[in-house]
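Side-chain atoms are counted along with the backbone in the values below, which use heavy atoms only and exclude waters and symmetry mates.
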Amino acid sequence: MKAVAQRLFALHGIDGVSVADIVAAAGQRNKASLQYHFGSKEELIGELLVEGAQKVDAIRLALLDEMAAQGGPRHVREVLDAFIRPVYQLTVTEAEGSTYLRFLSNVQLTHRALFRAYIGTKWNTGYRRCLEHFRQLLADVPAPVLEQRMSLVAIYTTTVFSIKEAPADEAPSSNRLWTRKFTLDNILDTFEAMLVCAPSAATLDKLR
């Protein structure tokens, strides 16, 4: 039922899917089955949010731990790879096709309070560790600017890989972006440029 619900939310948005839709798509006859297993539609959404966040955070922490064991990180690109790769992995390892990122995008766009209630700071240890590494490696970038850039990278990451998820439900021609072998590296290039770019005079002036 969770996999079915997540796909429906990814395709139609949170408000576009009812409890009855989920129950019917899951092949359940009893409309109370969702309430029995999850309590409510909101609690089901919360469980889906947490499950996905836990997966990403676990991979991210493992990559950061491996990096630390080797005496790193030494470069922004290493930290960025540890930040981005776990999200990318969701799009290539889900047996039935990934839908989490589109689901996540919908929740963040239309139900931000719900996202904060279930995720908050509970499942972003890896995010915070990446940010701390960036602070050390990019000490010349003012902290408020760097934190905002990190937020933008996180938003762009979810959006970009949501687009990668979509072709599984669309025409093959929509997958052209991902047929090029350098695509992931090029995405990392653009995100790295965002982080390391020297703040403009206009930005610094408004910062003061």
Side-chain angles (χ1 to χ4, degrees), residues 1-62 83-128 151-179 183-184 187:
M1 187 177 290
K2 286 194 291 187
V4 168
Q6 184 170 286
R7 176 167 291 280
L8 289 175
F9 291 140
L11 294 176
H12 306 296
I14 303 303
D15 295 326
V17 179
S18 67
V19 169
D21 293 331
I22 297 169
V23 171
Q28 301 289 322
R29 294 182 179 180
N30 186 351
K31 291 185 179 180
S33 57
L34 186 145
Q35 184 176 8
Y36 174 78
H37 290 291
F38 305 105
S40 67
K41 176 181 168 180
E42 180 178 304
E43 289 173 295
L44 169 59
I45 292 168
E47 190 165 326
L48 292 172
L49 284 171
V50 169
E51 282 189 2
Q54 287 176 318
K55 285 182 185 178
V56 170
D57 206 44
I59 299 171
R60 192 171 282 155
L61 289 171
F83 182 75
I84 302 296
R85 195 165 296 277
V87 181
Y88 169 77
Q89 286 297 328
L90 289 182
T91 69
V92 296
T93 58
E94 297 294 312
E96 297 179 2
S98 178
T99 57
Y100 179 73
L101 297 174
R102 284 173 288 168
F103 158 68
L104 176 61
S105 292
N106 276 319
V107 176
Q108 289 180 315
L109 183 65
T110 62
H111 292 74
R112 190 73 183 171
L114 185 61
F115 171 79
R116 289 189 180 123
Y118 281 96
I119 301 299
T121 58
K122 299 174 187 175
W123 309 111
N124 68 350
T125 305
Y127 178 97
R128 296 198 304 273
S151 294
L152 289 170
V153 168
I155 293 167
Y156 294 165
T157 298
T158 302
T159 303
V160 167
F161 293 111
S162 294
I163 295 170
K164 186 178 186 302
E165 280 185 344
D169 298 302
E170 299 173 0
S173 60
S174 63
N175 200 27
R176 286 177 296 178
L177 174 68
W178 297 97
T179 59
T183 297
L184 180 58
I187 289 170

Output for pair (Lys164 NZ, Ser98 OG), nearest 0.5 Å, gives 8.5 Å

Quick check: do Leu44 and Ile22 have side-chain heavy atoms less than 4.5 Å from each other?
yes

Examine the side chains of His111 and Asp15 and answer whether a donor and an acceptor come within less than 3.5 Å of each other.
yes

Go through the steps for Glu42 and Tyr118 under the test side chain to side chain contact (heavy atoms under 4.5 Å, CB included), then give the verdict.
CA-CA 10 Å; Glu42 180 178 304; Tyr118 281 96; 4.1 Å; yes

Working note: Val107 + Leu48, criterion side chain to side chain contact (heavy atoms under 4.5 Å, CB included); need CA distance, chi angles, decisive distance, verdict.
CA-CA 11 Å; Val107 176; Leu48 292 172; over 6 Å; no

Rounded distance (nearest 0.5 Å) linking atom CD1 of Ile187 with atom OG1 of Thr157
8.5 Å

Can Thr158 and Ser105 be counted as having a side-chain donor-acceptor contact under 3.5 angstrom?
no

Would you compute the distance between atom CD1 of Ile45 and atom NZ of Lys2 and round it to the nearest 0.5 angstrom?
14.0 Å

From Leu8 CG over to Met1 CE, what is the distance, rounded to the nearest 0.5 angstrom?
11.0 Å

With rounding to the nearest 0.5 angstrom, report the CD1 to OG1 distance, Ile163 to Thr91.
12.0 Å

Evaluate the ring planes of Phe161 and Trp178, with Trp represented by its six-membered ring, and classify them as parallel (under 30°), tilted (30 to 60°) or perpendicular (over 60°).
tilted

Is the side chain of Lys55 donor-acceptor paired with the backbone N or O of Pro86 at a distance under 3.5 Å, no angle test?
no

What verdict does the side chain to side chain contact (heavy atoms under 4.5 Å, CB included) test give for Trp123 and Val56, after you've listed the backbone C-alpha separation in whole Å, the side-chain angles of each residue and the deciding distance to 0.1 Å?
CA-CA 9 Å; Trp123 309 111; Val56 170; over 6 Å; no

Under the 3.5 angstrom rule, does the side chain of Tyr156 hit a backbone N or O of Ser151 as a donor-acceptor pair?
no

Please check if any side-chain donor atom of Ser40 sits under 3.5 Å from a side-chain acceptor atom of Glu43, or the reverse.
yes

Could you tell me whether a side-chain N or O of Tyr127 sits under 3.5 Å from a main-chain N or O of Asp57, the two making a donor and an acceptor?
no

Starting at CZ of Arg85, measure out to CG of Leu184 and round the result to the nearest 0.5 Å.
5.5 Å

Would Arg102 and Asn106 count as having a side-chain donor-acceptor pair, cut-off 3.5 Å?
no

Just so I know, are the side chains of Asp21 and Ser18 near enough to count as touching, which here means a heavy-atom distance under 4.5 Å?
yes

Under 3.5 Å, side chain of Lys41 to main-chain N/O of Ile14, donor-acceptor pair present?
yes

Does the Gln108 side chain pair with the main chain of Phe115, one donor and one acceptor, at a distance under 3.5 Å?
no

Quick one: is the NZ or CZ of Arg60 closer than 6.0 Å to the six-membered ring centre of Phe83, and within 45° of its axis?
yes

